[in-house]
Amino acid sequence: MKTLKGFPKRYDDAPGATGDEWVAHYHKALISINSGGIVVMYGGHGTGKTRMSWELAKNCRPKNVMTSINGIGWTSAQRERPAIYTTAVGLFLEIRDTFSKDSESSEMQVVKKHTDAGLLVIDEIQERGETEFEDRKLTSIIDSRYASDRPTILITNYTREKLAASLSPAILDRIRENGCGLHFDWTSFRKQGGI
């Protein structure tokens, strides 16, 4: 993708990722992303999950990333939808910020920004409050993306079972239908002196 928003800057100059398992996960995720699926990355800290989302955002070509923009008169143009990275806490803080009377954005605008992204990455999904409000918003965003064949990546340090227990049945059904789960079960790259 051409436009990446919110991704950690530290990856801009990072060396290439290595490891047969990491590369195999990357290729499996890329297939799912390019077909509009939902990829769930789970495992310990420092195993390259966020780094992989950045690599995928740079290299993926999802089927619904272009949008038409009607210009003045007979002109029209197309632009690529951005890949957006956020944490779960960041997403819900951004939504809650719209409740302020001097907010420059509406709740609908913030939700639309995330539902319309060419690729949406939500990191640290385990850090949300798991309130009814947050569950409804998360389900709504993922359901809208699913309906439009727009890919989503969910990243967590939870186990697969613990994450499944924290998500709504609707999200789990979407993941089962058109997604994949990737277990990052190797030693932290930080401990290895890698990524």
Side-chain angles (χ1 to χ4, degrees), residues 1 4-8 11 21-22 24-60 62 64-65 81-95 110-185:
M1 300 188 104
L4 306 181
K5 295 184 175 182
F7 285 84
Y11 296 130
E21 291 173 293
W22 192 95
H25 277 14
Y26 171 84
H27 289 296
K28 187 173 182 179
L30 187 61
I31 290 167
S32 187
I33 295 299
N34 285 339
S35 67
I38 301 169
V39 174
V40 178
M41 300 178 184
Y42 60 97
H45 295 280
T47 53
K49 299 180 298 295
T50 303
R51 167 64 183 273
M52 186 178 292
S53 74
W54 179 74
E55 293 286 351
L56 289 164
K58 287 191 320 180
N59 299 309
C60 69
N64 284 330
V65 297
R81 296 174 187 273
I84 295 176
Y85 170 92
T86 186
T87 61
V89 169
L91 171 63
F92 295 116
L93 285 175
E94 188 176 355
I95 290 172
V110 171
V111 169
K112 184 171 174 41
K113 174 180 92 172
H114 290 91
T115 57
D116 286 354
L119 170 66
L120 177 62
V121 179
I122 305 175
D123 202 347
E124 300 173 3
I125 198 80
Q126 76 280 354
E127 297 299 329
R128 70 191 201 286
E130 295 183 41
T131 64
E132 186 177 328
F133 169 81
E134 289 184 359
D135 286 346
R136 272 197 324 268
K137 292 299 172 196
L138 185 63
T139 299
S140 173
I141 288 169
I142 290 175
D143 193 51
S144 293
R145 296 184 60 72
Y146 164 84
S148 300
D149 280 331
R150 293 195 187 110
T152 305
I153 297 175
L154 302 176
I155 303 173
T156 184
N157 297 123
Y158 275 176
T159 63
R160 184 174 68 83
E161 294 78 15
K162 194 168 181 180
L163 178 65
S166 75
L167 295 174
S168 73
I171 292 175
L172 294 173
D173 281 348
R174 305 295 185 256
I175 294 167
R176 286 184 196 109
E177 181 182 336
N178 79 332
C180 67
L182 302 173
H183 186 194
F184 289 60
D185 60 349

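All heavy atoms count here, side chains included; hydrogens, waters and symmetry mates do not.
A pairwise comparison of heavy atoms in Ser168 and Thr139 identifies OG-OG1, 2.9 Å as the closest pair. Nearest approach of Ile84 to Ala117, heavy atoms of both residues: CD1-CB, 3.8 Å. Considering all non-hydrogen atoms of both residues, Pro62 and Asn34 come closest at N-OD1, 3.5 Å. Listed here is the closest heavy atom pair of Lys28 and Cys180: CE-CB, 4.2 Å.
To the nearest 0.5 Å, atoms CG (Leu163) and CE (Met41) are separated by 13.0 Å. Taking NE2 of His25 as the start and CG of Leu182 as the end, the distance is 5.0 Å to the nearest 0.5 Å. In this structure, Phe7 CZ and Arg51 CZ are separated by 12.5 Å, a value rounded to the nearest 0.5 Å. In this structure, CD1 in Ile141 is found 7.0 Å from CG in Leu120, a value given to the nearest 0.5 Å. With rounding to the nearest 0.5 Å, the separation of OG in Ser53 from CG in Leu154 is 11.0 Å. Atom CZ of Arg160 is separated from atom NE2 of His183 by 9.5 Å, given to the nearest 0.5 angstrom.
When side chains are defined from C-beta on, Asp135 counts as touching Arg128, because their heavy atoms get closer than 4.5 Å. Taking 4.5 Å as the limit, some side-chain heavy atom of Leu138 sits within range of a side-chain heavy atom of Leu167. With a 4.5 Å cut-off on side-chain heavy atoms, Arg145 and Arg174 do not count as touching. Side-chain contact between Cys60 and Leu30: present, with at least one pair of heavy atoms (C-beta onward) separated by less than 4.5 Å. Looking only at side-chain heavy atoms (C-beta outward), Ile153 and Tyr85 stay at 4.5 Å or farther from each other. No side-chain heavy atom of Thr152 sits under 4.5 Å from any side-chain heavy atom of Tyr146. Leu56 is not listed as a side-chain neighbour of Val39, based on a closest heavy-atom distance of 4.5 Å or more. For the pair Ile38/Ile142, a side-chain contact is recorded, criterion being any heavy-atom separation below 4.5 Å from C-beta on.
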I would like to know whether Phe92 and Thr131 meet side-chain contact (heavy atoms from CB on, under 4.5 Å); could you show each step before the answer?
-> CA-CA 11 Å; Phe92 295 116; Thr131 64; over 6 Å; no
Would Arg176 and Leu172 count as a side-chain contact (heavy atoms from CB on, under 4.5 Å) if you check the C-alpha gap in whole Å, the side-chain angles of each, and the deciding distance to 0.1 Å?
-> CA-CA 6 Å; Arg176 286 184 196 109; Leu172 294 173; 3.7 Å; yes
Candidate pair Tyr26 and Asn59, rule side-chain contact (heavy atoms from CB on, under 4.5 Å), full reasoning = CA-CA 11 Å; Tyr26 171 84; Asn59 299 309; 3.2 Å; yes
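The number of heavy-atom neighbours closer than 6.0 Å to CD of Glu132, taken from other residues, nucleotides and ligands shown, is 12 or below.
Distance alone, capped at 3.5 Å, is enough to place a donor-acceptor pair between the Trp22 side chain and the Gly48 backbone. Between the side chain of Asn178 and the backbone N or O of Gly36, at least one donor-acceptor pair lies under 3.5 Å. With hydrogens and angles disregarded, a donor-acceptor distance shorter than 3.5 Å links the side chain of Thr115 to the backbone of Val111. Between the side chain of Lys49 and the main chain of Gly44, a donor-acceptor pair closer than 3.5 Å is present. Checking side-chain atoms of Ser35 against main-chain N and O of Ser32 turns up a donor-acceptor pair under 3.5 Å.
Tested against Asp123 for a side-chain contact (heavy atoms from CB on, under 4.5 Å), the candidates Thr156, Val89, Thr86, Ile155 yield a single pass: Ile155.
The pair Arg150-Asp116 meets the salt-bridge criterion, with a side-chain N (NZ, NE, NH1 or NH2) lying under 4.0 Å from an Asp/Glu carboxylate O. A salt bridge links Lys58 with Glu55; the closest basic N to acidic carboxylate O contact falls under 4.0 Å.
For the residue pair Thr87 and Glu124, no side-chain donor N or O sits within less than 3.5 Å of a side-chain acceptor on the partner. Using modelled atom types and a 3.5 Å distance limit, the side chains of Tyr42 and Asn157 yield no donor-acceptor pair.
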